[in-house]
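To start, the structure itself, in structure tokens.
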Amino acid sequence: METESEPYVRLASLRQLHQVMADMNTARSLADTLQTVADGVVTALGYELACVNLVRPDGDLVVAAFSGNPAAEALITGRVGSRASWERRLSMGEQWGDLVFIPHTEGWILDDDDVPQWYTEGPAPRFEDEWHPSDRLFAPMYAPGAHGGAASGELIGVLSVDRPRNGRRPGAWGREALQMYAFQAAIAISNARLRANMQRALVRLEREQQALRASEESFRQAFEYAPSGMAIAEMGGDQHGRILRTNDALCRLLGRPASAMRRYSFSDLVHPEDIGTLLRTSAEGGRAELRLGRRDGSYVWVSLRNSVVADAADGPRFLLTHVEDIEERKRRELQLAHRASHDSLTGLPNSAELRSRLSARLCQRPQSGPYDSYDAAYGPAGYEPGHAFDFPPGADGYDVYDHHVHTVAPEGDHDDGTKGLAVLFCDLDGFKSINDRFGHNAGDAVLIEVARRLSNGVRDGDTVARLGGDEFVILADGLGRADAADLAVRLRNEIIQPIRAEGRAVRVGASFGIGWAHCGMTADEVLKSADERMYVEKRSRPKQHRRAG
């Protein structure tokens with residue numbers, strides 16, 4: 001094309017230019033596209049040298065491709081020119097449309113800037129349009145803008161061309177061809193960059209997906225093969241709390257298959273007394289100790305540790321629950337607590353536990369004080385903190401005040417129908433002689449049997465405690481005076497039956513004193529009252545009747 005007279009251009013030259021542009025858009029990579037752009041200037045536009053200067057992310061321009069001279073290519077490829085120097089060049093010289101031509105008469109001032117360049121020697125021009133070795137021709141490449149103009153977008157690079165093969169400065173057709181070529185090259189480079197970014201994004205996405213799959217597989221294995229129980233439950237919505245997935249350890253712990261577990265939520269499995277603890281733990285994503293039901297109807301103590309699995313957009317989505325079997329530890333803790341509160345010989349509550357149970361029923365209630373009226377819903381009229389009031393007793397001998405049911409004792413020595421908390425103090429008669437005659441092993445056997453008979457002789461909910469030595473105490477709530485006396489007779493009759501100890505039958509008697517607990521007393525005061533009544537009863541009976549044989 002460069003040897004033809006404008007505007008007469010052979011069809012073969014146009015085909016060659018078309019082929020070069022097609023090659024730019026089908027190159028496999030950004031680097032191939034850049035080299036194809038440089039080579040196309042040489043093969044299709046009639047220049048001996050071409051350089052592609054590409055804008056970097058920092059704004060400077062780097063020599064990304066070179067064509068026409070291997071020595072020059074090795075010299076400047078990869079070198080960088082500052083954006084300021086390039087803008088200076090593009091603002092100088094003659095504007096040929098979008099092209100910039102800097103003649104040798106002006107270009108000498110650019111010899112010392114930092115833009116990579118090469119030098120060629122040659123004679124001075126002999127005629128007006130002859131190309132001088134120091135002439136410079138630049139074709140800026142702009143990304144296509146919103147209006148579609150060649151220079152309406154952002155600068156992405158500059159084509160530098162040199163030494164036209166016909167030795168002349170390009171005419172109107174040559175300038176138009178180079179400008180159109182730069183425009184098409186900008187499109188090809190932009191597309192190549194986009195493809196490169198897409199390829200990098202796809203590679204990055206694939207790596208992320210591989211990492212996610214590896215992470216999911218690691219989680220699956222850690223979940224499935226964890227030595228302790230694991231579960232995933234839903235959070236929110238109509239299915240809140242429903243178990244979605246369990247591991248083998250949890251299924252074995254509860255004796256339930258995985259398919260059955262998916263029909264439940266933890267609230268279906270938890271012990272009724274622990275439901276409040278479970279709900280607080282689920283809401284807070286925390287930790288709790290509670291009981292879960294097994295398939296056989298029993299319960300096992302577990303430690304639940306919850307972690308909320310959140311989604312950045314939707315908030316909490318799942319609850320990951322770690323379930324640890326703590327049955328053995330709880331059993332040891334209960335055993336220790338039982339030992340601390342129960343007698344080691346008989347297994348009955350000890351003195352400390354007795355006083356604790358008794359104190360829990362009593363309060364230091366004011367005994368008297370002025371009041372005008374009492375309202376069941378709001379308390380006494382005119383009540384102020386610190387004032388004392390005496391309220392009329394409620395049904396069955398109880399006062400209701402300040403959310404506490406007061407314990408009230410029957411009055412007088414006759415049965416007036418009042419039901420109260422009876423405290424029976426029992427002291428064995430003749431026990432010391434058994435210890436002295438047959439040894440402490442026999443004495444221990446007697447105490448164990450007496451404890452069993454006392455426990456069998458009272459109602460569920462009553463307390464039988466060993467106070468110490470051969471003294472026992474029974475707490476029986478809701479009894480009148482006649483009921484308490486009848487209970488004492490029945491228990492005495494049980495105790496006086498022969499007891500097998502160390503291979504022989506022995507007998508002990510029992511003296512009972514009946515005291516009554518009521519609010520305003522301390523536990524020690526109640527026990528002392530029953531103890532004193534027991535001694536009164538013991539002294540009132542002839543010595544020979546205190547022990548039956």
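These figures come from a predicted structure and were not determined experimentally.
- Looking only at distances, a side-chain donor or acceptor of Arg459 sits under 3.5 Å from a matching main-chain atom of Asp477.
- In the displayed structure, Arg28 atom CZ is contacted under 6.0 Å by at most 12 heavy atoms of other residues, nucleotides or ligands.
- A distance-only check finds no donor-acceptor pair linking the side chain of Asp248 to the backbone of Tyr225 [under 3.5 Å].
- In terms of heavy atoms, Arg256 sits closest to Gly293 at NH2-O, 3.2 Å.
- Residues meeting the side-chain contact (heavy atoms from CB on, under 4.5 Å) test with Asp436, sequence neighbours left out: Lys432.
- Every residue two or more places apart in sequence or in another chain was checked for a salt bridge (Lys or Arg N to Asp or Glu O under 4.0 Å) with Glu471, and none qualifies.
- Summarising the geometry, atom CD belonging to Glu353 is positioned 16.0 Å from atom CZ belonging to Arg466; distances are rounded to the nearest 0.5 Å.
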Criterion side-chain hydrogen bond (donor to acceptor under 3.5 Å, both in side chains) on Thr321 and Asn306, from CA distance to verdict: CA-CA 5 Å; Thr321 303; Asn306 289 328; 2.7 Å; yes

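- Here Ser356 pairs with nothing under the side chain to side chain donor-acceptor pair (under 3.5 Å) rule; sequence neighbours left out.
- Here salt bridge (charged side-chain N to carboxylate O under 4.0 Å, His left out) pairs that include residues 192-212, with residues two or more places apart or in two chains, are Glu206-Arg213.
- Ion pair Asp58/Arg56 flagged as a salt bridge, since at least one NZ, NE, NH1 or NH2 atom sits closer than 4.0 Å to an Asp/Glu carboxylate oxygen.
- Counting only heavy atoms from C-beta outward, the side chains of Val508 and Ile496 never approach each other to under 4.5 Å.
- Within the 4.5 Å cutoff, no side-chain heavy atoms of Phe425 are placed close to those of Val526.
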Can you list, pair by pair, the side-chain donor-acceptor contacts under 3.5 Å of residues 258-266, counting residues two or more places apart and other chains?
| unit_1 | atom_1 | unit_2 | atom_2 | d |
| --- | --- | --- | --- | --- |
| Ser265 | OG | Ser267 | OG | 2.7 |
| Ser265 | OG | Asp268 | OD2 | 3.3 |

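- Between Leu292 and the choices Val323, Asp274, Leu278, the side-chain contact (heavy atoms from CB on, under 4.5 Å) rule is met once, by Val323.
- The minimum heavy-atom distance linking Leu479 with Trp516 is given by the pair O-CZ3, 3.3 Å.
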Check against side chain to side chain contact (heavy atoms under 4.5 Å, CB included), Asn350 and Arg355: CA-CA 9 Å; Asn350 59 19; Arg355 285 174 167 80; over 6 Å; no

Worked verdict on Asp296 versus Ser298 for side-chain hydrogen bond (donor to acceptor under 3.5 Å, both in side chains): CA-CA 6 Å; Asp296 60 7; Ser298 63; 2.6 Å; yes

Step-by-step side chain to side chain contact (heavy atoms under 4.5 Å, CB included) determination, His271 to Leu290: CA-CA 7 Å; His271 193 284; Leu290 42 76; over 6 Å; no

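- Side chain of Asn247 to backbone of Ser228: a donor-acceptor contact under 3.5 angstrom is found.
- Thr407 approaches Ala517 most closely through the heavy-atom pair CG2-O, 3.1 Å.
- No more than 12 heavy atoms of other residues, nucleotides or ligands shown are found within 6.0 angstrom of CZ on Arg295.
- Between Val302 and His322, every side-chain heavy-atom pair lies at or beyond the 4.5 Å cut-off.
- A 4.5 Å side-chain heavy-atom check between Leu428 and Leu447 finds at least one atom pair inside the cut-off.
- With sequence neighbours excluded, no residue forms a salt bridge (Lys or Arg N to Asp or Glu O under 4.0 Å) with Arg252.
- Applying the salt bridge (Lys or Arg N to Asp or Glu O under 4.0 Å) criterion to Asp486, with sequence neighbours excluded, gives Arg490.
- Considering all non-hydrogen atoms of both residues, Arg500 and Ala505 come closest at NH1-N, 3.8 Å.
- Atom CG of residue Leu527 and atom CG of residue Asp531 lie 8.5 Å apart, to the nearest 0.5 angstrom.
- For Arg357 and Thr463, the side-chain atoms include at least one donor-acceptor pair closer than 3.5 Å.
- Heavy-atom minimum distance, Ile514 versus Arg533: O-CD, 2.6 Å.
- Here Ile474 contributes atom CD1 and Asp462 contributes atom CG; the two are 9.0 Å apart, rounded to the nearest 0.5 Å.
- A distance-only check finds a donor-acceptor pair linking the side chain of Ser455 to the backbone of Ala451 [under 3.5 Å].
- Scored by the side chain to side chain donor-acceptor pair (under 3.5 Å) test, Ser341 finds no partners at all (sequence neighbours excluded).
- Residue pairs satisfying the ring-ring contact (aromatic ring centres under 6.0 Å, His included) criterion with at least one member in residues 324-343, sequence neighbours excluded, are listed as follows: His338-His342.
- A donor-acceptor contact shorter than 3.5 Å is absent between the side chain of Asp343 and the backbone of Leu348.
- Screening Arg329, Lys330, Arg331 for a salt bridge (Lys or Arg N to Asp or Glu O under 4.0 Å) involving Glu327 leaves a single residue, Arg331.
- Residues meeting the side-chain contact (heavy atoms from CB on, under 4.5 Å) test with Ser359, sequence neighbours left out: Ala523.
- A search for side-chain contact (heavy atoms from CB on, under 4.5 Å) contacts involving Val55 returns Leu61, Arg83, Leu155, not counting sequence neighbours.
- Taking the side chain as every heavy atom from C-beta outward, Leu244 and Glu234 approach each other to under 4.5 Å.
- Between Leu34 and Ile189, the closest side-chain pair of non-hydrogen atoms falls below 4.5 Å.
- A pairwise comparison of heavy atoms in Pro272 and Tyr299 identifies CD-OH, 3.9 Å as the closest pair.
- Among residues two or more places apart in sequence or in another chain, the side-chain contact (heavy atoms from CB on, under 4.5 Å) test is passed with His440 by Asn435.
- Within the 3.5 Å criterion, the main-chain N or O of Gly480 finds a donor-acceptor partner in the side chain of Asp483.
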Derivation and outcome, salt bridge (charged side-chain N to carboxylate O under 4.0 Å, His left out), residues Arg453 and Glu449: CA-CA 6 Å; Arg453 294 180 182 183; Glu449 179 61 19; 2.9 Å; yes

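- We find that Arg245 and Glu224 are joined by a salt bridge, their nearest charged nitrogen and carboxylate oxygen being less than 4.0 Å apart.
- Separating the CG atom in Leu269 from the CZ atom in Arg294 is a distance of 12.5 Å, to the nearest 0.5 Å.
- Between Val450 and Phe431, the closest side-chain pair of non-hydrogen atoms is not below 4.5 Å.
- Side chains of Leu491 and Cys426 form no contact here, defined as non-hydrogen atoms less than 4.5 Å apart.
- The residues Glu217 and Arg220 are annotated as salt-bridged, a charged nitrogen and a carboxylate oxygen being separated by less than 4.0 angstrom.
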Side chain to side chain contact (heavy atoms under 4.5 Å, CB included) between Val270 and Thr277, worked out: CA-CA 10 Å; Val270 73; Thr277 302; over 6 Å; no

